[in-house]
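We number each residue from 1, following the sequence as shown. Keep in mind that what you see is a predicted model, and the values were worked out from it rather than measured.
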Amino acid sequence: MTITTEQAGAPVVPLGMPLVGGSHTRTQGHGTAGLETTDAERGERLAAVREGRLGSVHSWELVTAVDGPGTRLTIFLSGCPLRCLYCHNPDTMQMRRGTDVTADELLVRIARYRGVFRATGGGVTISGGEPLMQPAFVRRLVRGAAAMDVPVALDTSGFLGAQATDEMLDDVSLVLLDVKSGLPETYKRVTGRELQPTLDFGRRLAARGNRMWIRFVLVPGLTDAPENVQAVADYVASLGEAVERVEVLPFHQMGRDKWADLGMRYELEDTEPPSREATEAVRDVFRARGLTTF
């Protein structure tokens with residue numbers, strides 16, 4: 001197995017507004033800089049992927065007040081089964097665009113920040129793409145981090161929730177569940193996929209007592225119809241006390257250039273971000289159901 005230290009992977013797109021209270025920007029991602037990347041023979045690589053020893057990594061970043069509480073080491077994995085029209089990192093959609101990195105290499109980096117995590121109440125967030133495209137790799141990362149007493153958050157659409165075993169979820173301290181729509185036809189329009197797996201996964205988490213933060217992206221002309229907002233709010237309220245907070249995230253255009261760079265058609269070219277007033281009105285729909293909403 002040959003090791004190279006070249007920087008690879010695309011940087012994370014900086015955001016122009018906070019996802020969560022605190023920092024007003026997401027720091028520039030590091031790609032896979034600083035991680036030892038792996039160039040393995042095909043047979044060896046496939047075996048390592050099946051066993052979860054090797055994964056396709058898009059980038060990583062260390063950031064505060066985004067992707068969970070405290071200071072987070074967020075690891076973005078490559079590959080996603082959804083094709084969200086508003087995706088701000090479309091370069092994470094295909095696993096082949098990532099870089100091969102071993103789970104052991106990532107766990108070494110996680111270990112370096114244990115003091116920071118303890119001091120800030122933070123931890124690791126495994127994101128994507130869709131992390132559950134690589135369930136064996138995620139299981140190994142989650143187990144390794146939990147063995148170091150590092151809290152782990154899983155940032156997922158829930159579409160592949162069936163890939164998350166109960167053993168994996170036992171080691172996850174928080175699930176950031178992205179509920180993209182409350183109506184099946186709108187979900188299909190947004191993602192190209194079906195809504196039901198996300199609903200089923202959220203209910204499974206609630207039944208298990210897994211802590212959840214719900215995320216909903218507000219896109220004018222796409223997800224902001226009152227009946228869709230109401231459907232999302234009703235579903236989230238039905239999950240009960242497992243839901244600690246809801247984040248209504250205003251659509252932005254920060255990833256638009258990436259679509260062009262990848263030769264992909266971007267359908268939301270002319271969509272404007274929602275106004276503060278419109279965003280706050282949607283948050284009030286969730287608050288009216290007793291949900292702590294930001």
Side-chain angles (χ1 to χ4, degrees), residues 15-26 63-72 74 86 88 117 119-127 131 151-159 161 164 169-170 172-183 186-187 190 195 198-220 223-252 273-294:
L15 302 182
M17 60 191 69
L19 291 184
V20 190
S23 172
H24 287 272
T25 58
R26 181 191 286 281
V63 67
T64 299
V66 179
D67 301 327
T71 298
R72 314 297 301 182
T74 302
Y86 55 73
H88 66 267
F117 300 147
T120 65
V124 173
T125 299
I126 304 175
S127 186
V152 180
L154 182 66
D155 183 6
T156 176
S157 71
F159 181 75
L169 295 175
D170 286 344
V172 169
S173 63
L174 175 67
V175 177
L176 308 175
L177 183 61
D178 189 359
V179 181
K180 300 172 187 293
S181 167
L183 300 176
T186 303
Y187 195 92
V190 172
L195 169 62
T198 294
L199 302 182
D200 292 344
F201 186 56
R203 292 181 180 124
R204 178 183 165 205
L205 293 172
R208 287 177 43 85
N210 281 95
R211 298 167 56 219
M212 282 181 275
W213 289 9
I214 304 296
R215 290 172 159 178
F216 170 63
V217 180
L218 183 65
V219 187
T223 66
D224 65 339
E227 59 271 24
N228 188 54
V229 173
Q230 298 271 359
V232 176
D234 286 343
Y235 168 69
V236 175
S238 77
L239 300 179
E241 295 182 358
V243 176
E244 293 188 346
R245 64 190 286 166
V246 177
E247 297 169 9
V248 175
L249 309 177
F251 166 77
H252 59 75
S275 67
R276 287 180 179 272
E277 293 77 15
T279 302
E280 201 60 29
V282 168
R283 288 172 177 150
D284 284 341
V285 174
F286 289 87
R287 290 172 182 143
R289 288 158 174 77
L291 296 160
T292 301
T293 305
F294 297 88

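- How far CE of Met212 is from CZ of Phe201: 8.5 Å, rounded to the nearest 0.5 Å.
- Minimum interatomic distance between Ala233 and Val285 (heavy atoms only, all atoms of both residues): CB-CG1, 3.9 Å.
- Side-chain contact check for Leu169 versus Arg204: some heavy-atom pair is nearer than 4.5 Å.
- Across all their heavy atoms, Pro273 and Pro220 have their closest contact at C-CG, 4.1 Å.
- Two residues are said to be in side-chain contact when any heavy atoms from C-beta on lie closer than 4.5 Å; Val236 and Phe216 fail this criterion.
- In terms of heavy atoms, Thr74 sits closest to Ser127 at CG2-CB, 4.0 Å.
- In this structure the side chain of Asp170 reaches within 4.5 angstrom of the side chain of Arg208, judged on heavy atoms.
- With contacts defined as side-chain heavy-atom distances shorter than 4.5 Å, the pair Ile214/Phe286 does not qualify.
- Within the 4.5 Å cutoff, no side-chain heavy atoms of Leu174 are placed close to those of Pro151.
- By the 4.5 Å heavy-atom criterion applied to side chains, Thr120 and Thr64 are not counted as neighbours.
- At least one donor-acceptor pair under 3.5 Å links the side chain of Tyr235 to the backbone N or O of Leu199.
- A distance-only check finds no donor-acceptor pair linking the side chain of Thr293 to the backbone of Val246 [under 3.5 Å].
- Residues Thr279 and Val248 have side chains in contact (heavy-atom distance under 4.5 Å, counting atoms from C-beta outward).
- Looking only at atom types and distance, the side chain of Ser181 has a donor-acceptor partner in the side chain of Asn228 under 3.5 Å away.
- Scanning all heavy atoms of the two residues, the minimum distance from Arg211 to Ser173 falls at NH1-O, 3.0 Å.
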Checklist entry - Please walk me through it: do Leu183 and Leu195 pass side-chain contact (heavy atoms from CB on, under 4.5 Å)? => result CA-CA 8 Å; Leu183 300 176; Leu195 169 62; 5.8 Å; no
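- Closest non-hydrogen pair, Val66 versus Arg72, comes out as O-CG, 3.1 Å.
- Taking a 6.0 Å sphere around CD of Glu241, one finds it holds 12 or fewer heavy atoms contributed by other residues, nucleotides or ligands.
- Residue Thr156 holds its OG1 atom at 8.5 Å from CG of Asp178, rounded to the nearest 0.5 Å.
- Under the 3.5 Å distance criterion, with hydrogens and angles disregarded, no donor-acceptor pair is assigned to the side chains of Tyr86 and Thr223.
- Note that CZ of Arg276 and CZ of Arg283 are 9.0 Å apart. Values are rounded to the nearest 0.5 Å.
- What you find for Glu244 and Trp213 is that their closest heavy atoms are OE1-NE1, 3.2 Å.
- Not one N or O on the side chain of Arg215 forms a donor-acceptor pair closer than 3.5 Å with the backbone of Leu176.
- Counting only heavy atoms from C-beta outward, the side chains of Phe251 and Asp224 never approach each other to under 4.5 Å.
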